[in-house]
**Q** 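First the structure, which I've put down as structure tokens, then a few questions once you've had a look.
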Amino acid sequence: MKEIRTRFAPSPTGFLHIGGLRTALYSYAFAKNKKGSFILRIEDTDRSRYVPGATEKVYEILKIFGLSWDEGPLVNGPFAPYVQSERVKTGVYQKYAEKLVNEGHAYYCFCPAKAKEEIEETHRRKIVELRDPCRNLSLSQAREKINSGQKPAIRLRVPENETISYRDFVVGKEISWNSKDIDEVMLLKSDGFPTYHLGVVVDDTEMKITHILRGHDWLPSTPVHLLLYKYFEAALPEIGHLTDILDPQGGKLSKRKGSVACEEFLADGYLPEAILNFIMLLGWAPKDNRELFTLEEFVKLFDKGDLQTANPIFNREKLDWFNGMYIRKTEDAKLTTQIFQFFGGKHTQDRIEKILPLVKDRMVKFSDFEILAAPLLGACPAIDKNCLPSVKKEHLEKTILVLDNLSSWELTQINEKLAALIKESGWKTGDFYMSLRVAVCGCKVTPPINESLVVLGKKETLFRLNRALKTI
Ligand code: GLU
């Protein structure tokens, strides 16, 4: 059977969108499920939109999520180079574009940049009947201009009155266009760089890609690609366009409505495994109602036949739920290191390790650690004046005496002695502990208080209680 080869082909024009990560994940899983190869290719020929550093960020992010590529930058492979700006130097795009010109499927275009922009604009406004005047130049007229030193671009010649169609393996339907609605797009720019259309088809052909999975945004480009495959006499890969990811407030998921970049989610303290698990289910569902999957488990189950056609909603609460689940599934030792790294070494590993069991159950993201553990992390926190009325002098005075006389600073001892003190004094347990919380932590919402005293240590606890006594 023919080897399955999929690819992820991002353009380094900014951050990697969470939707891009989903495309990469599905392409990876589809290839791996069929023991095929997953290829990474960088499509960086639009130099005006190129963002320095974005390519390296793609490598970093894919590695963080465990989506390792079998061929591509850094690992190479039989079709290297895998970065389009490097491939330009091999002359491959020029070769394919000239074949089209020679066979009448493309033409040289000499229009100055301004005129080109106007033509593109008419395309955008869908007045595609307005074709470029250069399409009427004969090949010999065009060659004369080239010989006199003019540098042409190359534009696709769209046939008249043809129906162009293919079956989309995600949409599950035949999709077709009439050629009159197809732009005569630019294929090769006068500087020798291919546009996206030429680059993507040449490279998918050369790299023997069998299945293309990509975002829905690219569907309008597909008829152009179909024509190119036909004119190159190249095998047409199976093509599938993934659904749009919707924002719960409506419309497509967009930056204006919250984080959309993978790096932002990581910086906010989401675990890569949780993000990955969450996006697995944005367009795919297993046969049962199971929700938790490792990448390996997902790969085993993933089949293109299970891809959904309804646009999924990016439910942030669901992502939080996944993250909390993953935090609780992670061993304390590993989590301690992750939190230590997340805060750039701001809190010692030892302190994190001690506090973690007190806050782990309530943590949704790594960043929550600092919020939930705040009273135990820094110096003695000031007492919130709105909470002061909850602190009773009598509670504190007697507690100081009891705690000061403890033979060892252990949770069982603290629990027992404080329970006995509450009983013999006839206090209400809730009132007493509210007093203690506010006195020690400065506020009413704290990690479990007796456990917090253990973490703080005897000296700091007594210091805080005495300070509170002076404050009230
Ligand atoms: N370079 C395109 C992008 O940035 C790739 C689209 C495709 O997969 O064909 O998403």
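One-based numbering, in listed order, for ligands and for the atoms of each.
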**Q** In the protein, what heavy atom is nearest to atom 8 (O) of ligand 1, and what distance, to one decimal place, separates them?
**A**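 Result: Arg7 NH1, 2.5 Å.
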
**Q** What protein heavy atom sits nearest atom 5 (C) of ligand 1, and how far off is it?
**A**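 Nearest protein contact, heavy atoms only, for atom 5 (C) of ligand 1 is Ala9 O, 3.1 Å.
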
**Q** Using a strict cut-off of less than 4.0 Å between a Lys/Arg side-chain nitrogen and an Asp/Glu carboxylate oxygen, indicate whether Lys230 and Glu162 qualify as a salt bridge.
**A**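 Yes.
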
**Q** Surrounding NZ of Lys304 (heavy atoms of other residues, nucleotides or ligands, distance under 6.0 Å), is the total greater than 12?
**A**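 Check passes, neighbour count above 12.
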
**Q** For residues 362-377, pull every pair meeting side-chain hydrogen bond (donor to acceptor under 3.5 Å, both in side chains), keeping only residues two or more places apart or in separate chains.
**A**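 Every pair satisfying side-chain hydrogen bond (donor to acceptor under 3.5 Å, both in side chains) with a residue in residues 362-377: Lys346-Glu370, His347-Glu370.
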
**Q** Quick one: side chains of residues 279-290, donor-acceptor pairs under 3.5 Å with protein atoms, not counting sequence neighbours, listed by atom name and distance.
**A**
from   : atom 1 : to     : atom 2 : distance (Å)
Lys287 : NZ     : Asp306 : OD1    : 3.0
Asp288 : OD1    : Arg290 : N      : 3.2
Arg290 : NE     : Leu292 : O      : 3.2
Arg290 : NH2    : Leu292 : O      : 3.2
Arg290 : NH2    : Glu297 : OE1    : 2.9

**Q** Is it the case that over 12 heavy atoms from other parts of the model lie below 6.0 angstrom from the CD atom of Glu160?
**A**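 12 or below, so no.
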
**Q** Quick one: nearest non-hydrogen protein atom to atom 1 (N) of ligand 1, plus distance?
**A**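 Going atom by atom, the protein heavy atom closest to atom 1 (N) of ligand 1 ends up being Glu43 OE1, 2.6 Å.
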
**Q** Quick one: look up the protein heavy atom nearest atom 9 (O) of ligand 1 and list residue, atom name and how far away it is.
**A**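 Ranked first by proximity to atom 9 (O) of ligand 1 is Tyr196 OH, 2.7 Å.
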
**Q** Around atom 3 (C) of ligand 1, find the nearest protein heavy atom and jot down its residue, atom name and distance.
**A**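 Nearest protein contact, heavy atoms only, for atom 3 (C) of ligand 1 is Trp218 CZ2, 3.4 Å.
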
**Q** Out of all atoms in ligand 1, which are within 4.0 Å of some heavy atom of Val200? Include the element for each.
**A**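 That gives atoms 9 (O) of ligand 1.
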
